[in-house]
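As the structure is a computational prediction, the values presented were derived from the model and not from experiment.
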Amino acid sequence: MSPRFDVIGLVVSDMAAALAFYRRLGLVFPDGAEDQPHVEAELPGGPRLALDTEETIRSFHAGWRPPGDGGGRVSLAFVCDGPAEVDSVYEDLVGAGYHGELKPWDAFWGMRYAVVHDPDGNGVDLFARLPE
């Protein structure tokens, strides 16, 4: 038997802020999750996105510290139904106060693409195939 990919884990500094962001992208978390130290949302196809507070991580790894401000090493990508949805989701998130890293553009690899940051600075890509 081989290990199976199952969970993407993010450490968050503010659970309520992280949940508000990912709920805007359509992920479903349990009601009342804002007060929990660990929450999960099932993703299409079976994997889960797990959010843990910094305090939760420190509870079993006392020396853990968040990475510096040198840029993200992880990003999540959300496929949209079309190029117009990339634009509208980007505008919704930026309009709600989230940091827009890269405004929507038509990428040379045939996709409409944009990048926003979640409340902890993780890159979140929005993309859709361009019409041929």
Side-chain angles (χ1 to χ4, degrees):
M1 183 172 189
S2 297
R4 292 179 300 112
F5 176 73
D6 187 51
V7 177
I8 299 164
L10 298 177
V11 181
V12 302
S13 58
D14 181 330
M15 184 64 79
L19 289 171
F21 178 85
Y22 287 104
R23 283 176 172 151
R24 277 188 104 84
L25 286 169
L27 298 184
V28 178
F29 292 92
D31 290 338
E34 293 78 3
D35 300 321
Q36 299 301 312
H38 172 91
V39 297
E40 296 181 5
E42 189 169 324
L43 303 174
R48 295 167 288 146
L49 177 65
L51 306 179
D52 289 288
T53 62
E54 292 176 356
E55 294 78 20
T56 299
I57 301 304
R58 285 191 195 102
S59 74
F60 60 85
H61 183 355
W64 181 87
R65 299 288 175 260
D69 291 334
R73 295 178 184 256
V74 174
S75 69
L76 303 176
F78 286 74
V79 64
C80 297
D81 286 335
E85 188 178 26
V86 171
D87 294 2
S88 66
V89 171
Y90 178 87
E91 291 303 325
D92 174 67
L93 291 168
V94 170
Y98 299 106
H99 173 72
E101 178 68 13
L102 295 173
K103 291 181 179 181
W105 83 96
D106 293 341
F108 68 86
W109 57 86
M111 293 185 177
R112 183 78 172 162
Y113 230 88
V115 180
V116 295
H117 285 168
D118 75 5
D120 292 290
N122 296 303
V124 177
D125 301 356
L126 307 170
F127 71 96
R129 292 208 177 278
L130 292 168
E132 295 185 21

> Would you name the heavy atoms of D120 and S13 that are closest together and state the gap between them?
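Answer, listing the atom of D120 first, then S13: OD1-OG, 2.5 Å.
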> Measure the spacing between CG of L51 and CD1 of I8 and express it to the nearest 0.5 Å.
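If we round to the nearest 0.5 Å, L51:CG and I8:CD1 are 10.5 Å apart.
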> Out of W109, Y90, Y113, W105, which one pairs with F127 under the ring-ring contact (aromatic ring centres under 6.0 Å, His included) rule?
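Looking at W109, Y90, Y113, W105, the match for F127 under the ring-ring contact (aromatic ring centres under 6.0 Å, His included) is Y113.
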> I want to check something: taking the side chain as every heavy atom from C-beta on, are P104 and P83 in contact at a cut-off of under 4.5 Å?
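Sidechains of P83 and P104: no contact.
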> Applying side-chain contact (heavy atoms from CB on, under 4.5 Å) between E101 and each of V116, D125, V115, report the one that passes.
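Single side-chain contact (heavy atoms from CB on, under 4.5 Å) partner of E101 among V116, D125, V115: V115.
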> What's the separation between atom CZ in F78 and atom OH in Y22, rounded to the nearest 0.5 Å?
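Separation between the atoms: 6.5 Å.
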> Please examine the side chains of R65 and R58, heavy atoms only from C-beta on, and report whether any two atoms are closer than 4.5 Å.
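The answer is yes; the side chains approach within 4.5 Å.
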> Please tell me if the side chains of W64 and E54 come closer than 4.5 Å, counting only heavy atoms from C-beta onward.
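Side chain of W64 against side chain of E54, heavy atoms only: contact under 4.5 Å found.
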> Do you know the tightest heavy-atom contact between L19 and E34?
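Shortest heavy-atom separation between L19 and E34 comes out as CD1-N, 3.5 Å.
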> Verify the neighbour count for atom CZ of R129: are there more than 12 heavy atoms of other residues, nucleotides or ligands below 6.0 Å?
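Check fails, neighbour count at 12 or below.
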> Measure across P30 and E40 and return the closest heavy-atom pair with its distance rounded to 0.1 Å.
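Closest heavy-atom pair between P30 and E40: CD-O, 3.9 Å.
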> Once you round to the nearest 0.5 Å, how far does CE of M15 lie from NE2 of H38?
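M15 atom CE to H38 atom NE2 measures 8.0 Å (nearest 0.5 Å).
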> So, do E91 and S88 sit near enough that their side-chain heavy atoms are less than 4.5 Å apart?
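A side-chain contact under 4.5 Å is absent here.
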> Over all heavy atoms of both residues, which pair between A17 and Y98 is shortest? Give the atoms and the distance, please.
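In this case the closest contact between A17 and Y98 is O-OH, 4.1 Å.
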> What is the distance from atom CG of D118 to atom NE2 of H99, rounded to the nearest 0.5 Å?
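So the gap between those two atoms works out to 11.5 Å.
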> Can you tell me how far apart CG (D52) and CZ (F60) are? Round to the nearest 0.5 Å.
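Here the interatomic distance stands at 6.5 Å.
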> Output the distance between atom CG (L49) and atom CG (L25), rounded to the nearest 0.5 Å.
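If I round to the nearest 0.5 Å, the distance is 10.5 Å.
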> Same cluster or not: M111 versus F108, using hydrophobic residues (I, L, V, M, F, W, Y) connected whenever any side-chain heavy atoms lie under 4.5 Å apart?
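Yes.
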> Quick one: do V11 and F21 end up in the same hydrophobic cluster if we chain Ile, Leu, Val, Met, Phe, Trp and Tyr together by side-chain heavy atoms under 4.5 Å apart?
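Hydrophobic grouping puts V11 apart from F21.
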> What are the two closest heavy atoms between L93 and L126, and how far apart are they?
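Closest heavy-atom pair between L93 and L126: CD1-CD1, 4.4 Å.
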> Quick check on the hydrophobic clustering: are L76 and F29 connected, directly or via other members, by side-chain heavy-atom contacts under 4.5 Å?
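Yes, L76 and F29 fall within the same hydrophobic cluster.
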> Over all heavy atoms of both residues, which pair between A114 and V86 is shortest? Give the atoms and the distance, please.
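Scanning both residues, the minimum pair turns out to be CB-CG1, 4.0 Å.
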